[in-house]
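Some notes on the structure that comes next.
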2 protein chains.
Amino acid sequence: MPRNQEPTNANSGTETSGNNVPGTEPTPPPNDQLPNVELTFLLGMAFQLLLGEFTGRVAEAGYPDLRPVHGMAFQVLRGHGATSSELAERLGVTKQAAGQIVDDLEKRGYVRRQPHPAGGRRKLVVLTDAAHQHLAVAGRILHDVEAEAARGTDQQDLAPLRTELAHLIRALHPNAPLPPLRPVW
Amino acid sequence: MPRNQEPTNANSGTETSGNNVPGTEPTPPPNDQLPNVELTFLLGMAFQLLLGEFTGRVAEAGYPDLRPVHGMAFQVLRGHGATSSELAERLGVTKQAAGQIVDDLEKRGYVRRQPHPAGGRRKLVVLTDAAHQHLAVAGRILHDVEAEAARGTDQQDLAPLRTELAHLIRALHPNAPLPPLRPVW
DNA sequence: ACAGGTGAGTCAAGCTGCTTTACTTGCCCC
DNA sequence: GGGGCAAGTAAAGCAGCTTGACTCACCTGT
C-alpha cells in the first residue's frame, strides 16, 4: 500500500517549538494556539489523533486492511449479530453500503450470513472466530493507546473527561440510543 | 440535493429505552450505554454531532455547498493567505487535492490567486470578501451551537472540557503546530 | 555561464467507498 | 389472494481523494 506522494504530514520538522528561548516564557506552555481553537475542532483533533494511532497499531498487529468502519461493524455485530439493515442504521449509511461492507467482510472470512431466526427475507450476520480474535486484539490496543494518552496528560485519570463528553453527547442527542459514528464527515 | 434513500438515521424510533422495566434499575439514568463506550468513540460521537449540527445550520444560512473542509481552508487562509502547498500541509492532504479545493473555491468566488511576494513559482491564495463574510456567519453559528450544547449540559461551562482536551492533544502531538484535521478517517 | 537540483504548481488518470435508482423476494393482514 | 411493507441485492454513478508524470522558476556550485 505504498503512498508515493504522501499527504503532507504537518509534522515533518522535529523542531519542538521555535520560541523556546530559555527565559522568555515564564511558566505557561510555549506558543500554544490550542486555547484559541473552538471546542468542535479540539474534539476532532483529539479523535483523529487517537484513531490514527489506533489504526496504525492495528495495522502493524496484522490487520492492515481493516478500516475503522470494519471495527465499528464488529462491535455492532458482536453478541447476537444483526441484519445488514440494522448495521446500516448503527453505522449511519445506506443499507446498500452496509451490504457491501458485509460482502467484503464475508469474503475475507470475518462474518457469516445465516438464515434469520425471525424468518422473512432477513439474514443474520454473525462474527466468525477470526473477527472475535480481531476484537480482542483491537480492544487491547485501544485501551493501551488511551492509557498511554492518559499517562501523557497531567491529570492521571481521564474519567472526568469521559463523563463530560457523555453529558455533552446526551445534550446533543437526547434520544436514548447511541448516535452513529459515521465513516466520513 | 435530494437523498431519496437516506442513510438511516439511527434515531428513528422514539422509544426511550426498552429495558426500563420498573424496579430493575434503581436510580441512575436509564439504559445509558455511554459509560461503557471507549473514550475514542465518545470523542468521535461528540465531534460528529457538533459538526453535523454546525454544517446543517451553515447550509440553511445560505451556504449549502460549502463542506467542512472549505471552512478549514478558510481558517488557514485567513490573515495573510497561504500557498496551496501550505494549505495541503495544514489540511493533511496532497498538494493536488489542495489545488483542486482552491480551484473550486476560486470558481465560486471565495478565493483569489495572487502572485506571491516571495516570487518563484509560488502563488498566494487569499480570501475574497465573500469568504470573510462566510467566516463571520460560520463563526457565529459555531459559537451558538457550542453555547447551546454547553447549556444543555449540567455543567454551565465547558472550559474544563476544553483544557482537558488541549492537554490530551498535546500529549498525542507533542510538536508545537496544530495537528491537521483531515477530511476523512 | 551553464548543468543539476529543488520545490511549487498542474494536468490527467485511477480508485475507493459511498449514494442513487431500480428491482426481487418473503411475509403479513384485512 | 392481492396490496403493502420491509429486507436484501444488483448496477450504475459520482465525489473526492491519490498516484504518476510533467512544467516552470529559482538557486547553487564549479
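Residue numbering restarts at 1 for every chain, and letters A, B, ... go by the order of the sequence lines.
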Less than 4.0 angstrom between a side-chain N/O of [X] and OP1 or OP2 of [N], yes or no?
| X | N | value |
| --- | --- | --- |
| Arg67(A) | dC18(C) | yes |
| Lys123(A) | dT9(D) | yes |
| Arg113(A) | dA7(D) | no |
| Arg122(B) | dT10(C) | no |
| Thr94(A) | dT19(C) | yes |

Considering only side-chain heavy atoms of [X], which listed nucleotide, [options], is closest?
| X | options | answer |
| --- | --- | --- |
| Arg121(A) | dT24(C), dA25(D), dT19(C) | dT24(C) |
| Gln96(B) | dT20(C), dG20(D), dA8(C) | dG20(D) |
| Lys95(B) | dC18(C), dG8(D), dA8(C) | dA8(C) |
| Ser85(A) | dC18(C), dA7(D), dA8(C) | dA7(D) |

| request: Name the nucleic acid region contacted by Gly120(A), choosing base, sugar-phosphate or nothing; use a 4.0 angstrom heavy-atom cut-off, strictly under. | output: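 Answer is sugar-phosphate: Gly120(A) comes under 4.0 Å of backbone atoms only.
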| query | For Ser84(B), what residues pass the side chain to side chain donor-acceptor pair (under 3.5 Å) criterion, not counting sequence neighbours? | reply |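 Ser84(B) satisfies side chain to side chain donor-acceptor pair (under 3.5 Å) with no residue once adjacent residues are dropped.
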[X] [atom1] to [N] [atom2]: how many Å, rounded?
| X | N | atom1 | atom2 | result |
| --- | --- | --- | --- | --- |
| Asp104(A) | dT9(D) | CG | P | 14 Å |
| Leu87(A) | dT9(D) | CG | C1' | 15 Å |
| Asp65(A) | dC15(C) | CG | C1' | 16 Å |
| Asp103(B) | dA8(C) | CG | P | 18 Å |
| Leu91(B) | dT18(D) | CG | C1' | 15 Å |
| Met72(A) | dC18(C) | CE | C1' | 17 Å |
| Leu124(A) | dG26(C) | CG | P | 18 Å |
| Ile101(B) | dT10(C) | CD1 | P | 14 Å |

| Crowding at CD, Gln114(B) (>12 non-hydrogen neighbours, <6.0 Å) |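 Counting neighbours around CD of Gln114(B), more than 12 heavy atoms of other residues, nucleotides or ligands fall under 6.0 Å, so yes.
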| query | How do His116(A) and Gln100(A) order along DNA chain D: which one's closest nucleotide is nearer the 5' end? | reply |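 Counting from the 5' end, the first nearest nucleotide belongs to His116(A).
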| task | Specify whether Phe74(B) and His134(B) have parallel, tilted or perpendicular ring planes, treating 30° as the upper limit for parallel and 60° as the lower limit for perpendicular. | result |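 Correct class here is perpendicular.
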| field | Side chain to side chain, Phe41(B) and Leu142(A), heavy atoms closer than 4.5 Å | value |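 Phe41(B) vs Leu142(A): side chains touch.
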| Closest-nucleotide ordering on DNA chain C, the 5'-leading residue of Gly119(A) and Val69(A) |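 Nearest-nucleotide comparison on DNA chain C picks Val69(A).
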| query | Considering all heavy atoms of both residues, which atom of Gly81(A) and which atom of Leu124(A) are nearest to each other, and what is their separation? | reply |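 The pair with the smallest heavy-atom distance is C-CD1, 3.8 Å.
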